[in-house]
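As structure tokens, the structure follows; a few thoughts come after it.
Keep in mind that the numbers below use all heavy atoms, side chains included, and drop hydrogens, waters and symmetry copies.
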Amino acid sequence: MPNSPISTSAARVLLLHSNDMHSHLEQAAKMSTYIAEQRRFYGTDRLLTLDIGDHMDRMRLETEGSDGLVNIALLNGAGYDAVTLGNNEGLTYTENVLERAYAKEARFAVLCANLKRSADGKRPEWLLPGTVIRKGGLRFGLIGVTAAFSDFYSMLGWDAGDPVKAAAEQVKALRPHADVMVLLSHLGLAFDKRIAEELNGIDLILGGHTHHLLEEPLVVRGTTICAAGKFGDQIGRVEIDIDPVSSRPVFLASCVPIAAYAEDAEAAAVIGRFRETGARLLSRTVARLGMALPASAERESPLGNLLAAGLRRWTEAEIGIVNAGQLLGGLAAGDVTAAQLHALCPSPINPCRMRLSGAHIRRALEESLLPEFVGMPIRGFGFRGHQLGTLAVDGLVVHYDPDGPPMGKLMDVRAADGPLDDGRLYTVGTIDMFTFGIGYESLKQGLEIRYYLPEFIRDVLAEELGREERIGDAARLRWVQAGR
């Protein structure tokens, strides 16, 4: 059985795996302590350490200020052997930035079988579909795959192919040369189960992307599936031996909580150095405000209006719509630094443009007046705020009665050319998060969607903050209560 206990006092190889760290750097420093402890016991030749993607997250100042080099330094320091790319690496940085991080700085293998450059159909030299690493006298075939957000990847010059097909091709190529086949899967648990059901030849799947924690592994058709949750709260541990009768790998898998471990001193020093460097780089002034721009998740505010107007202009749309929860604070009069902008708008969310019916816009506007939507907690999909928030709009004037019934508070909604027409399609500048059906689900119904990469919505905000006339217009009310 793949998960039967190993009888020896120490397995032939110990595999440690992390996933979805999202730049929780102090947790990575604690993991370094645990990894070093296990390396002292097992020795470097019997310890295999892997990361399953989304180690980077640009909401963290050290990551933003170093283009991910702080994450590479921590992975190097901990002695990782191989990693795969998550969407937070592949979709928030250009290929040139990734080249600097992985080709010039990384001391580990970078694996992703389903990503190739669009221009020539090849992978850069630093990116491998799979590899074989020897540990404890065993040959480990390692394959990496990542979630195929093809529409987004194509705008950054990547072709994101079918991960199941790519994995199958690599299994065929590597299986003859491997005693243990391991898939580093940044696809999510549903995909991991599917691969275990459909593909022969994979012994172990290490999962991520959907932040699932498997305190006990799953076994599907003889394939063991493991995952260690999110944010570095746990590290995955798999003891590996070979059954002397069947010659098949035997796994004893668990997850180890990291909270009680002290931060590795060298890792903590790395974080400190990159914090100083990041703060210095992001101290540059991006705008100078003659007036304060408050922000609120619960009600209309000038900074929310400015962001909605910026999205409308950036995408050359008729209407701008964004959830106010994207902004974690307002701005005082005076100098605005890149660090302040990053702190109040940390989400790696991209602008997008779509054609959306008046009826779908109207439904979202009605929902944005309901407390269950305004206060809705949101996790993932690029969102790094706390709650969904109401809707900030531009290109619309909304008259409403706050005392009206749920889904019946709107009195009159006017676009630039007259009353909002439920049957008409409007061009709307908004955010990619809505296209995943998050929060205001009617905003997912857009047609002819175009994404804007690599810009984030904080880049849109920076552009608006540099235009004095636009700042003044942000104080104009878009939402007008009855009787006012």
Side-chain angles (χ1 to χ4, degrees), residues 57-59 289 291-312 319-333 336 339-352 361-398 400-404 406-407 409-410 413 428-444 456-462 464-465 471 473-481:
D57 195 313
R58 290 181 62 176
M59 76 169 291
L289 299 180
M291 57 183 286
L293 290 174
S296 171
E298 290 82 17
R299 63 190 64 85
E300 180 178 10
S301 64
L303 195 58
N305 289 345
L306 189 70
L307 179 55
L311 286 166
R312 179 181 64 79
I319 295 168
I321 298 177
V322 66
N323 62 305
Q326 295 292 345
L327 299 169
L328 304 187
L331 291 168
V336 178
Q340 286 176 294
L341 204 54
H342 176 262
L344 67 86
C345 194
S347 299
I349 283 179
N350 307 108
C352 79
I361 295 170
R362 189 182 302 275
R363 178 173 182 83
L365 294 174
E366 283 280 16
E367 290 172 345
S368 76
L369 293 169
L370 303 177
E372 58 266 35
F373 280 86
V374 174
M376 182 187 297
I378 301 292
R379 298 289 182 270
F381 302 95
F383 185 63
R384 301 294 183 263
H386 308 296
Q387 66 188 81
L388 180 63
T390 190
L391 285 178
V393 301
D394 190 62
L396 293 174
V397 177
V398 184
Y400 70 103
D401 181 358
D403 298 320
M407 301 304 291
K409 297 180 184 293
L410 297 185
V413 182
V428 177
T430 185
I431 54 175
D432 60 11
M433 186 182 90
F434 289 147
T435 68
F436 297 109
I438 305 305
Y440 296 104
E441 295 186 15
S442 68
L443 300 181
K444 184 187 178 182
F456 293 154
I457 55 176
R458 60 175 170 266
D459 297 314
V460 174
L461 202 53
E464 295 299 299
L465 289 169
I471 293 170
D473 184 62
R476 176 176 54 82
L477 289 178
R478 278 75 163 165
W479 291 83
V480 182
Q481 288 190 31

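Here the side chain of T430 pairs a donor or acceptor atom with the backbone of I321 at under 3.5 angstrom.
Contact check for L410 versus L369: side-chain heavy atoms found under the 4.5 Å cut-off. Using a 4.5 Å heavy-atom threshold, the side chains of F456 and S347 count as separate. Here the side chains of I471 and L293 are in contact, with some heavy-atom distance below 4.5 Å. Side-chain contact between L370 and K409: present, with at least one pair of heavy atoms (C-beta onward) separated by less than 4.5 Å. Taking 4.5 Å as the limit, every side-chain heavy atom of I431 sits out of range of all side-chain heavy atoms of N350. Within the 4.5 Å cutoff, the side chain of L365 has heavy atoms near those of the W479 side chain. Residues V393 and N305 are not in side-chain contact: their nearest non-hydrogen atoms beyond the backbone lie 4.5 Å or more apart. For the pair V428 and L311, the minimum side-chain heavy-atom distance is 4.5 Å or more.
Residues passing the side-chain contact (heavy atoms from CB on, under 4.5 Å) test with R476, sequence neighbours excluded: D394, D473, R478.
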Before you tell me yes or no, could you show the steps for E300 and L477 under side chain to side chain contact (heavy atoms under 4.5 Å, CB included), namely the whole-Å CA-CA distance, both residues' side-chain angles and the distance that decides it to 0.1 Å? CA-CA 8 Å; E300 180 178 10; L477 289 178; 3.6 Å; yes

Go through the steps for C352 and T435 under the test side chain to side chain contact (heavy atoms under 4.5 Å, CB included), then give the verdict. CA-CA 9 Å; C352 79; T435 68; 4.0 Å; yes

Should F383 and I438 be marked as a side chain to side chain contact (heavy atoms under 4.5 Å, CB included) after you check the CA-CA gap, both sets of side-chain angles, and the distance that decides it? CA-CA 10 Å; F383 185 63; I438 305 305; over 6 Å; no

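Residue R58 qualifies as enclosed at atom CZ: its count of foreign heavy atoms under 6.0 Å is above 12.
For the residue pair E367 and E441, the shortest heavy atom distance occurs at OE1-N, 4.4 Å.
A salt bridge links D57 with R384: the distance from a Lys NZ or Arg NE/NH1/NH2 to an Asp or Glu carboxylate oxygen falls below 4.0 Å. Classification of E366 and R362 as a salt-bridged pair fails, no side-chain N sitting under 4.0 Å from a carboxylate O.
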Pair up each side-chain donor or acceptor in residues 323-330 with any protein partner under 3.5 Å, not counting sequence neighbours, and list the distances.
from, atom 1, to, atom 2, distance (Å)
N323, OD1, Q326, NE2, 3.1
N323, ND2, L388, O, 2.9

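No side-chain N or O of Q481 forms a donor-acceptor pair with one of D401 less than 3.5 Å apart.
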